Amino acid sequence: MPRYADIVLPLAQPAYTFALPEGVTVAGGEAVAVQFGRRRIYTGIVWRVHDRRPDFRTVKSVSRVLYGGMRLLSPEQMALWEWIASYYMCSLGEVMRVALPALMKPSGDTEEEFSDDEFRPRTECYVSLAAELRDEGRFHEICEKIERRAPKQYEALLELAAAGDETRIATGEVARRLLRADHAVLDALRRKKYVVCTRRERSVERGGAVFRLPELTAHQQTALESLRGQFAAGKTTALLQGVTGSGKTEIYIHLIAEVLARGGDVLLLVPEIALTAQLIERMERIFGSRVTPYHSKLTPRRRTETFLRLGRSEGGEFVVGARSAIFLPLKRLQLVVVDEEHDASYKQSDPAPRYNARDCAVVTARLFGGRTLLGSATPSLETWLNARSGKYGRAVLGERYGGARPPEVLISDTLRAARRGERHAHFNKLLLDRIGETLARGGQAMLFQNRRGFSPYVECTECGWTARCPHCNVTLTYHKGGEKLVCHYCGHTEGVPAKCPSCRVTDVVPVGFGTEKIEEEVARIFPGARVARLDRDSVTSERAFNAIVADFAARRTDILVGTQMITKGFDFEGVSLVGILNADNLLNNPDFRAAERAFQLMTQVAGRAGRRSEPGEVVIQTSEPGHPVIRQVASGDYEAMALAQLAEREAFFYPPYARLTALTLRHRDPMLLRRGVLELAARLRARFGRRVLGPMAPPVDRIRGEYLVGLLLKVESSASSARAREILAEELKSFSRQAEYKSVTVVVNVDPQ
DNA sequence: AGCACGCCGACT
DNA sequence: GTCGGCGTGCTC
């Protein structure tokens, strides 16, 4: 009987059907090499094996089976891929692109090109004590012998012997890279036959049976028990809401340890690399080498090793990773923890699949019959409402760790300060006074400005000309380092003109302000202070990031100026003052989530002030001191914010009461684009009525020489979202089939941030 | 995604 | 007269 396999290729295309040659057996979830097109060879994932002959003229055969026929994807992972493809309206191939590490999906024009790229595991040196030294008496004897003459070697022996269960893998070996002893010392020990070195494929085994669990406070204990109870009673998803410093992490740790002890797998999702590194370290202190990190800063090889190792694992795995870790091939997933679940970086906005890892976590856990814990100090309104309505379980941690008091929030009126002549540069007198006092006391301050660069743009003082990108409809951002103007959309860079190119009269000057400008000003006003900056421009690498953070933690800097980056989970003991330079640009974002975001951001920044020992101070500079969100931040009243915002969302029919799908149409000819969007809007209105909004011009309506226009679909949360997507897919298909609009690109973003 | 096919501008 | 630009459509 002829057999066929539907193969998913890493393309924005549906699966293709290939024949299975005589004697070749494959099953769903395995990887194969196939020839696609004239000569290109791709890695594909077998989705389904069947014997229905497709009605194409030529049916090509699968070239060979990869990874020795190992099943790369569990049935649950395949179900997740399918859910994502259907929910986010993309192809399985697009899911494949993010789900598999790059090295695992080689492609090439020739067989050599293809297989040369194929992953080969790297080896690593493992060290263990010689058999002789396993005997305690003999060990001490030798230690005594070398202690004086070779202190380094003695140290190394002790280190090796003392390496806890968490670094030692099952065979009693320790990876050399985990030892402090250097090459020469280990070599000497090896020559003396005190230690044995073996080279093997790295990180195949994971050790670590002993976890050092933190003690819980009474509040934490109550919350933990409550969550356990709710999970046991059948709630699949729960929210753990706890203010900054209340110790959510300790609760995660206890739940994680319980699952690992049962042999189940755990996935801990964290927003992004900045936070990832810190949390991974923290988890390694507890769980040792049980922790498997997975984030964008890993090398392609590491990612592949991790993927394959997990695929072969029998359970008891603990992965800490960023959003794409949701795709790792865990087989006994029992718990997914999503830390800072409200964080926007869980949603991938470009390219497809435009998935939200937090929502995928909930789906995945359900597929495995596992549980999801969503943690946040300031939950997204979607999650909060789900918890409130009883759809999700819920536990609240009200108190800061060790009874520390919340920071005192001072609201400083920018307009009033300006009227009184109490505004210098971008600082009100109040903030400057507090910074001065803080420095005098030897304390540290953090200043938050939600904007990168020296200042956003340059302007001619005479005629108002501003530098704009020739390819995108945006002003160019001014970066002082190098006197450059940069487009944040396409990367176009040019120099700052000496004279205004328009009126040729005067110089152009920087307008507005970003972190770089603030850094400069604060350094000028407080010449004695050591100032550093943390934003995407100053952080060129993980190393640079760590250096800036380490300097601040060690109090080698006094003031840290930064963007969002400084809001994320740092525990700096010395920070007693936090300044928010401009709350207005947070509040006035033209986005239905602006108020929620502003609250989350300001609350998070404020949480950086004053840990443990003394309460901190927060100064918020704003021209709207009476704004409800400012008041809610000042009083730390999340619920007031949530209730007020939910009322607005309900009134204006926004999430969580409606589901949004954003459509963006793109074309280089603006007239054709205009006709196209009107046509599509009309078609959609015929099906969805007033649920269709637009056409609307997006904030940036031209990128890389292409024009953009948006449509927004709002469907009641109570309605069937599957049906809505079905109708939308139908209409998009028939729209794109029209000859005139074939060249118009339509991007679908389900649940846009 | 890659690649071939096909129709309009600057070169030997 | 051709070489080559990239716009369009197809790949099991």
Side-chain angles (χ1 to χ4, degrees), chain A residues 1-22 24-28 30-66 81 84-85 88-118 300 348 350-354 471 490 665-673 675-676 703-707 732-748:
Chain A
M1 199 191 340
R3 306 229 77 198
Y4 300 93
D6 294 346
I7 311 278
V8 172
L9 300 173
L11 308 171
Q13 301 295 328
Y16 286 83
T17 307
F18 287 78
L20 290 172
E22 203 64 36
V24 172
T25 47
V26 293
E30 294 177 13
V32 292
V34 294
Q35 199 198 79
F36 189 69
R38 192 162 280 276
R39 57 170 173 272
R40 200 135 186 96
I41 303 167
Y42 281 105
T43 304
I45 299 291
V46 178
W47 213 254
R48 201 169 69 88
V49 177
H50 57 92
D51 43 45
R52 253 196 51 201
R53 174 188 294 280
D55 49 3
F56 316 114
R57 273 147 266 127
T58 55
V59 181
K60 284 185 186 163
S61 286
V62 165
S63 303
R64 63 197 166 93
V65 181
L66 301 174
W81 286 29
I84 290 174
Y88 295 104
M89 302 184 74
C90 65
S91 74
L92 286 168
E94 287 170 313
V95 182
M96 178 177 172
R97 276 200 208 145
V98 278
L100 294 190
L103 287 182
M104 290 188 65
K105 33 184 204 295
S107 61
D109 283 343
T110 60
E111 187 64 29
E112 297 79 63
E113 221 180 292
F114 179 85
S115 50
D116 271 357
D117 279 345
E118 204 187 332
Q348 171 158 318
D350 221 32
R354 298 179 173 78
H471 317 294
C490 72
L665 282 72
R666 221 169 58 203
H667 201 273
R668 124 193 70 71
D669 175 357
M671 297 315 288
L672 175 67
L673 181 68
R675 285 198 301 280
I703 294 181
R704 292 173 213 273
E706 282 193 309
Y707 291 86
L732 288 176
K733 205 169 153 193
S734 73
F735 170 75
S736 296
R737 257 203 309 263
Q738 292 176 90
E740 197 187 354
Y741 303 122
K742 276 213 169 91
S743 57
V744 176
T745 312
V746 184
V747 171
V748 182

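A quick note: this is a predicted structure, and the numbers were derived from the prediction, not measured. Every heavy atom of this structure was used, including side-chain atoms; hydrogens, water molecules and symmetry mates were not.
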**Asked** Heavy atom of residues 40-49 of chain A under 4.0 Å from DNA chain B: which residues?
**Response** A:R40, A:Y42
**Asked** 5'-most contact on DNA chain B: A:A12 or A:R39, nearest heavy atom basis?
**Response** A:A12
I need the [X] [atom1] to [Y] [atom2] distance, nearest 0.5 Å.
| X | Y | atom1 | atom2 | answer |
| --- | --- | --- | --- | --- |
| A:R668 | A:T745 | CZ | OG1 | 9.5 Å |
| A:L20 | A:I7 | CG | CD1 | 7.0 Å |
| A:M96 | A:C90 | CE | SG | 13.5 Å |
| A:Q348 | A:R354 | CD | CZ | 8.0 Å |
| A:L672 | A:S743 | CG | OG | 5.5 Å |
| A:F735 | A:E740 | CZ | CD | 8.5 Å |

N/O-N/O pairs, protein side and nucleotides 5-11 of chain C side, under 3.5 Å:
| from | atom 1 | to | atom 2 | distance (Å) |
| --- | --- | --- | --- | --- |
| C:dT11 | O4 | A:Q13 | NE2 | 3.1 |

**Prompt:** Base, sugar-phosphate, or nothing for A:D109, non-hydrogen atoms under 4.0 angstrom?
**Reply:** sugar-phosphate
**Request:** Check the angle between the aromatic planes of A:F36 and A:Y16 and answer parallel, tilted or perpendicular using the 30° and 60° thresholds.
**Result:** perpendicular
**Item:** side-chain hydrogen bond (donor to acceptor under 3.5 Å, both in side chains) involving A:D55 - partner list, sequence neighbours excluded
**Value:** none
**Message:** In whole Å, I'd like the distance from the CD atom of A:Q35 to the P atom of B:dG2.
**Reply:** 16 Å
